[in-house]
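Throughout, a chain's letter reflects where its sequence line sits, starting with A, and its residues are numbered from 1. Treat the numbers as computed from the prediction; the structure is a model and nothing was measured.
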Amino acid sequence: METHSYAPGEIEPHWQDEWRKKEAFKIPNDIGTLKKKPKFYVLGMFPYTSGAGLHMGHAKNYVPTDVLANFRRMQGYHVMHPMGWDAFGLPTERTAVQENEHPAHITKRNTETFQQQIQRIGFSYDWSRKIDTSLPEYYRWTQWIFLRLYEKDLAYLADVPVNWCPALGTVLSNEEVKDGKYVETGDPVERRLMHQWMLKITAYAERLLEDLDLLDWPDGLKEMQRHWIGRSEGAEITFEVKDRDSEFTVFTTRPDTLFGATYCVFAPEHPLVAQVTHPDAVSEVYNYIQEAANKSDLQRTDLATEKTGVFTGAYAINPCNNEPIPIWVADYVLMTYGTGAIMAVPGHDERDHEFATTFGIPIVEVISGSQKPIEEEAFEGDGVCVNSDFLNGLRVDDAKEKMIAWLESEKKGTRQVQYRLRDWLFSRQRYWGEPFPLAHLEDGTIVQLPDDHLPVQLPPIDAYKPTEDGKPPLARADEAWVKVKLPDGRIATRETNIMPQWAGSCWYYLRFLDAHNTDAPFDSALERYWMPVDLYMGGTEHAVLHLLYARFWHKVLYDCGLVFTKEPFQGLLNQGTILAESFQDDAGKYYYPHEVERNDDKAVVKTSGKPLHVQLEKMSKSRFNVINPNDVIDNYGADALRLYLLFIGPVTASTPWQDAGVEGVYRFLQRVWRLVVDEQNGELNEKLTAAAGTTEPELWRELHKTIKQVTEDTESIDKMNTAISQMMIFVNTATQVKSLPTETVKIFLHLLAPYAPHIAQELWHRLSEAGFIAHAAWPQYDESVLESATITIIAQVNGKLRNRLQLPADATDKEIEEAALADERVQRFIEGKPIRKVIVVPNRLINIVV
RNA sequence: GGUCGAGUGGUGGAAUCGGUAGACACAAUGGACUUAAAAUCCAUCGCCCAUAAACAGGCGUGAGGGUUCAAGUCCCUCCUCGACCA
């Protein structure tokens with residue numbers, strides 16, 4: 001008996017094998033064939049192949065995209081649905097160092113694990129398009145695209161502060177530094193200026209902002225990108241330094257408050273600091289700058305921290321009234337934002353107010369309308385100008401315009417748009433990344449290597465750390481690599497920085513279209529056919545950086561005439577996170593579930609009895625609360641895993657994992673199995689008949705209802721949970737009918753196929769159908785089947801439900817009213833009271849107001 | 001502090017345009033089957049009141065107010081939680 005029950009462990013590997021052997025999901029690359037059908041490009045953000053392997057978050061991302069791909073394929077689309085590996089980067093390099101292996105070796109191991117784990121879930125990827133960003137055949141084109149950016153003057157060298165760890169002799173990323181220390185070893189980290197490659201993403205700020213309007217993205221996500229780009233309108237104003245032959249400019253969004261500017265502030269790094277500082281203040285200013293150098297931007301600008309600063313002894317001239325105002329140096333002003341200098345208006349800016357209060361600088365009210373005295377609190381709202389000469393009486397907006405016009409006519413300032421977005425720090429002093437296709441001549445000029453030199457392959461080196469003299473690891477390579485002969489015979493030294501981990505993921509969605517092209521990154525005709533990506537799905541952690549970087553590169557490619565869409569990702573969704581219970585003691589230490597004993601809502605450590613806090617948190621290794629997708633597959637199969645991940649809630653919602661819930665969908669799959677298979681003997685269920693589906697009218701109707709709902713819910717992506725609910729209702733109905741038309745079951749299997757492809761395929765096969773159900777056409781529903789002769793009308797009295805009436809579907813409002821008034825239960829509540837109003841909502845309800 | 005989002009049974013979650021609140025599951029309880037257990041099947045399953053039982057009734061979507069014939073859904077105030085930014 002057991003041998004004939006639902007056994008995902010047997011059928012799933014079998015069909016995965018068949019799909020692989022018969023290349024069931026291979027997408028043609030011939031443009032003629034492609035053009036015969038419409039296209040749909042659905043992409044899950046490819047994984048970073050760390051040694052930790054596939055986690056539940058990946059599955060929550062890839063299951064819905066796979067369902068959608070299957071669904072569109074059955075609807076007659078060519079579906080681009082690829083998978084690949086984001087493989088360069090620091091975690092792999094670190095593992096390589098720990099294990100004393102080459103990063104390429106670690107990467108190969110990790111990507112093989114990932115592929116094997118992903119394939120067990122039964123996704124319909126075209127594996128022939130698999131890419132790996134760390135392979136020369138891929139990064140050759142990453143380098144090629146970089147050269148196009150370089151040619152457009154979008155890459156430049158600059159001195160930038162980086163996190164430098166003297167003990168390790170290396171540069172660290174922001175994520176690796178906490179409280180001025182390297183998180184792994186606790187070694188101190190300092191900020192140091194280093195020569196770095198930058199990409200001029202700010203040149204595209206306006207277009208990155210404007211073109212958000214073209215996209216079908218969630219509003220919240222667009223808003224995050226807008227904030228990040230941070231466009232603000234205002235003015236650049238020039239201040240002269242008193243008694244010195246120098247001047248500086250500030251950017252302000254509030255030129256209307258210029259009369260209230262009572263001091264100026266330079267960022268500690270501002271080049272004019274040394275020049276203007278009075279001899280008496282030099283040592284104090286110097287010490288302050290030293291201190292500020294080791295603080296992060298976040299520490300410096302945090303509203304909660306106390307403002308610090310030091311007076312330079314110099315004065316600036318306020319251009320609108322020629323008053324001398326003191327120049328301070330303070331670290332709440334950043335060199336990287338605006339001009340690195342500000343005019344401070346303590347009356348109308350919270351931070352300036354705090355600073356002025358701390359240091360006893362005068363506060364002047366120039367906008368009236370505050371509830372509190374200006375000495376107590378800055379007033380940042382709208383109001384009318386006061387104490388402002390020619391601006392007096394104007395509202396803020398008008399005052400801004402008038403002040404800008406005045407500044408421009410006096411040649412003391414200009415209208416200016418400012419962005420929060422910074423240029424992109426694009427080099428890393430590491431090994432495991434793309435080498436730059438650039439070289440340096442002895443005279444300091446930089447030359448780009450010709451396209452036919454690509455790829456610039458990573459050289460073998462003896463250690464993955466910087467050289468003694470602080471050069472990046474690639475400088476350890478032998479002369480044969482470091483020195484390069486240019487086409488004109490000159491010898492140059494290669495650039496030894498590498499590109500950041502983001503580089504490879506900036507264009508991978510294009511490489512999938514033509515993954516094996518050796519003449520170009522991708523074929524132009526294919527790009528025109530497939531782009532844009534119709535649905536891109538991934539975690540919120542990429543809502544800003546990755547998406548902004550990829551959009552930037554895409555726009556550059558557009559300007560180069562290499563792509564024909566302005567934006568790469570037309571549709572986008574963020575899947576929610578998976579939460580799970582975690583156990584933490586008072587000291588913050590986490591415990592594994594198997595170390596914990598639970599009584600009701602209390603939890604204690606099994607061995608010590610120490611009480612623990614139980615909380616729902618994002619599933620993650622560091623919280624000791626992960627559930628491995630592979631374990632779930634071992635116990636319940638891939639189809640159950642897929643269904644459960646969709647059934648727990650909307651794709652975009654964050655929902656807690658519950659082991660018991662997996663049982664529920666597993667039982668559903670067993671019921672589906674028994675619709676077709678007699679578990680006693682393995683034969684087909686005796687209830688199955690060759691009769692037409694219409695011979696079971698109630699079931700036939702439920703089927704069409706199910707087709708309708710599954711079609712609509714799958715299309716919407718976010719409602720796949722209710723699609724599954726409806727399939728459950730259908731199966732519950734089908735389990736109860738006396739005879740089961742095979743036609744009805746086969747149509748149902750089509751609906752199930754995108755969600756639970758293995759069981760659908762197996763039952764399809766057992767019903768003597770050849771080929772793959774994945775290639776069958778998506779069923780249509782018949783609206784006339786859904787219509788029924790009678791409808792249920794809700795009868796309300798004064799808005800309260802009193803009875804349900806079964807009435808003919810074509811009953812008129814009048815007839816509904818008569819039926820309701822005749823109803824005994826309704827009558828009881830009317831009790832002869834006068835009827836004031838009757839509202840009939842067609843097909844739904846009648847409300848009688850008495 | 002700002003912006004955005006969310007608060008519905010014991011749990012996850014359903015509920016087009018304002019129109020049957022709690023679909024579908026999980027857990028729990030009772031029953032059938034079984035030597036027994038598992039599995040399966042059937043039943044109950046928001047709270048209160050009433051009852052031998054049933055029919056019925058009242059209250060219920062974080063709190064308070066409002067609009068409406070009708071509010072989980074719209075408006076106002078507040079509380080709590082989450083995400084992002086500062």
(request) With the side chain of A:Leu801 defined as its heavy atoms from C-beta on, choose the nearest nucleotide among B:rU20, B:rA25, B:rA86. (result)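 Out of B:rU20, B:rA25, B:rA86, the nucleotide with an atom closest to A:Leu801's side chain is B:rU20.
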(message) Counting only side-chain heavy atoms from C-beta out, which of B:rA86, B:rA70, B:rC24 sits nearest to A:Asn847?
(response)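 Taking heavy atoms from C-beta onward, the closest nucleotide is B:rA70.
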Using a 4.0 Å heavy-atom cut-off, does [X] contact any base of the nucleic acid, only the sugar-phosphate backbone, or nothing at all?
| X | answer |
| --- | --- |
| A:Thr540 | nothing |
| A:Ile729 | sugar-phosphate |
| A:Phe668 | nothing |
| A:Ile648 | sugar-phosphate |
| A:Gln225 | nothing |
| A:Arg802 | sugar-phosphate |
| A:Glu663 | nothing |
| A:Gln658 | sugar-phosphate |

(request) Write down the distance separating the C1' atoms in B:rC84 and B:rG30, rounded off to the nearest Å. (result)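 B:rC84 and B:rG30 have their C1' atoms separated by 50 Å.
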(message) Give the residues of residues 714-721 of chain A touching RNA chain B, defined as any heavy atom closer than 4.0 Å, sorted by residue number.
(response)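 Heavy-atom cutoff 4.0 Å gives A:Lys719, A:Asn721.
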Counting only N and O atoms by type, is there a donor-acceptor contact under 3.5 Å from the side chain of [X] to the main-chain atoms of [Y]?
| X | Y | result |
| --- | --- | --- |
| A:His58 | A:His55 | yes |
| A:Asn721 | A:Ile648 | no |
| A:Asn574 | A:Gly538 | yes |
| A:Arg642 | A:Pro754 | yes |
| A:Trp673 | A:Ile759 | no |

(request) Between A:Pro650 and A:Met224, just flag the one whose closest nucleotide in RNA chain B comes earlier from the 5' side. (result)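 Here A:Pro650 is the residue nearer the 5' end.
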(request) Find which nucleotide of RNA chain B each of A:Gln736 and A:Trp228 is nearest to by heavy atoms, and output the residue with the more 5' nucleotide. (result)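 Looking at the nearest nucleotide for each, A:Gln736 comes out on the 5' side.
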(message) Tell me whether A:Glu686 at atom CD has more than 12 heavy atoms from other residues, nucleotides or ligands lying less than 6.0 Å away.
(response)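 Result for CD/A:Glu686: open.
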(request) Identify the residue among A:Tyr755, A:Phe668, A:Trp657 that makes a ring-ring contact (aromatic ring centres under 6.0 Å, His included) with A:Tyr644. (result)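 By the ring-ring contact (aromatic ring centres under 6.0 Å, His included) criterion, A:Tyr644 pairs with just one of A:Tyr755, A:Phe668, A:Trp657: A:Trp657.
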(request) Under 3.5 Å for both distances, Watson-Crick or G-U wobble, that's the pair rule; now give the dot-bracket for RNA chain B, with | marking pairs to another strand and [ ] for crossing ones. (result) (((((((..(((......[....))).(((((.......))))).(((........)))..(((((..]....)))))))))))).
